[in-house]
Amino acid sequence: MADPIVTRDVRVSAHGTTEVTGARIVQVQRSLMAHNDAVAATNREAFAHCLVINVVSSPGSGKTALLERTVRELGGELQLAVIVGDLETDNDALRIHAAGAPSVQIVTGTVCHLEAEMVARAVERLDLTSLDVLVIENVGNLVCPAAWDLGEDLRITLLSVTEGEDKPLKYPRIFREAHAVVINKLDIAEAVGYDRARALDNLRQVTPAAQLFELSARTGEGMGSWLGFLRERLSSKRG
Ligand SMILES: Nc1nc2c(ncn2[C@@H]2O[C@H](COP(=O)(O)OP(=O)(O)OP(=O)(O)O)[C@@H](O)[C@H]2O)c(=O)[nH]1
Ligand SMILES: [Mg+2]
């Protein structure tokens, strides 16, 4: 097998600059990340009294479906709100609102992830003092969101049974940094030939300590452990 192509010295033209060298790109990225980390730290201070989770996955894994059901099943007991990031549309915020929780849509345009500053602006539209759990549904993408701290307590990565059992090996960072992994769409696992043993083995190689939940956001199977995890993490945060 031929070696993979690795791009190391990217050259682009942007903002009137004729050429930006690889070294300049690294410098700009470092400064962007430092700014993001500073805003994330401020967010984290503002989130002192509620549990904040950042939900990431590839497009269509069922992030919104999981959150709709979470809102429906936990809404009578805890105050939840959801911030949603998508390139276009406010479809997901409308779905969450219909499920019964306040929601704020962030439309990112061409940006493939949420940044701490976007979350800080969205939070201004919510009453944080009344919240128990704030969920941030990140833009559907297994690469970009991994690098951006939003000030969350927990990062949750979804994998659905239709995506292929190899995804943890191909996109290790987003699984490695997850506090918990949710495997979704269990109701169609058999129909799509999902190989559970291989998926779990791959996950364990990449993220041995993450808590694992296997469920169906459609049927509700397995939701109890997921909701128990949220309750337990909220009460341990509040001490
Ligand atoms: N069979 C089955 N379908 C599901 C389940 N969860 C979600 N879906 C379907 O999968 C599709 C995508 O679900 P979404 O909740 O929109 O996925 P998402 O991850 O929020 O997608 P993006 O926000 O676009 O990244 C929809 O057609 C859902 O109905 C599940 O547990 N079982
Ligand atoms: Mg969604």
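In listed order, ligands and their atoms are each counted from 1. Here the structure is a predicted model, which means the values were calculated and not measured.
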Contacting atoms of ligand 1, where contact means under 4.0 angstrom from a heavy atom of Arg95:
14 (P), 15 (O), 16 (O)
Flag the pair Leu159 / Tyr171 as yes when at least one side-chain heavy-atom distance between them is below 4.5 Å, and no otherwise.
no
Exercise: do Gln105 and Asp90 side chains pair donor with acceptor under 3.5 Å:
no
Shortest reach to atom 32 (N) of ligand 1 by a heavy atom, considering only Val84, Asp187, Val56, Leu158:
Asp187
For ligand 1, the portion of Asp86 having any non-hydrogen atom under 4.0 Å away:
side chain
Can you pull out the closest protein heavy atom to atom 17 (O) of ligand 1? Residue, atom name and distance to 0.1 Å, please.
Gly62 N, 3.1 Å
Using distance alone, determine whether Ile188 and ligand 1 share an N or O pair under 3.5 Å.
no
Residues forming a side-chain contact (heavy atoms from CB on, under 4.5 Å) with Ala98, sequence neighbours excluded:
none
Consider every N or O of Ala65 and every N or O of ligand 1, then say whether any pair is closer than 3.5 Å.
yes
Does Glu214 reach the side chain of Glu221, with side-chain heavy atoms less than 4.5 Å apart?
no
Of Lys63, Glu221, Arg218, which has the heavy atom at the shortest distance from atom 22 (P) of ligand 1?
Lys63
Distance only, no hydrogens: is a donor on one side chain within 3.5 Å (strictly under) of an acceptor on the other, for Glu163 and Ser160?
yes
Determine, using heavy atoms of Glu137 and all atoms of ligand 1, whether some pair is separated by less than 4.0 Å.
yes
Consider only side-chain N and O atoms of His35 and Glu117, and report whether a donor and an acceptor are under 3.5 Å apart.
yes
Measure from atom 26 (C) of ligand 1 to the protein's non-hydrogen atoms and state whether any distance is below 4.0 Å.
no
Should the ring pair Phe213 and Trp226 be called parallel, tilted or perpendicular, given that the plane angle runs from 0 to 90° and is split at 30 and 60?
perpendicular
Counting only protein N, O or S atoms and ignoring waters, those under 2.8 Å from the Mg ion (ligand 2) are Thr64 OG1, Asp92 OD2, Glu137 OE2
Are Val55 and Asn138 packed together at the side-chain level, in the sense that at least one heavy-atom pair is separated by less than 4.5 angstrom?
no
Close side-chain approach of Val107 and Asp86, heavy atoms under 4.5 Å
no
Select one of side chain, backbone, both or neither to describe which atoms of Asp92 lie under 4.0 Å from any atom of ligand 1, heavy atoms only.
side chain
Should the proximity of Arg69 to ligand 1, defined as any heavy atom under 4.0 Å, be assigned to the side chain, the backbone, both, or neither?
neither
Is there a side-chain contact between Asn36 and Leu32 in this structure, where contact means two heavy atoms from C-beta onward sitting under 4.5 Å apart?
no
Single hit among Leu114, Ile156, Asp92 for side chain to side chain contact (heavy atoms under 4.5 Å, CB included) with Glu137
Asp92
Can you find an N/O atom of Gly60 closer than 3.5 Å to an N/O atom of ligand 1?
yes
Please examine the side chains of Leu203 and Ile183, heavy atoms only from C-beta on, and report whether any two atoms are closer than 4.5 Å.
yes
With only distance considered, is Pro59 within less than 3.5 Å of ligand 1 through an N or O on each side?
no
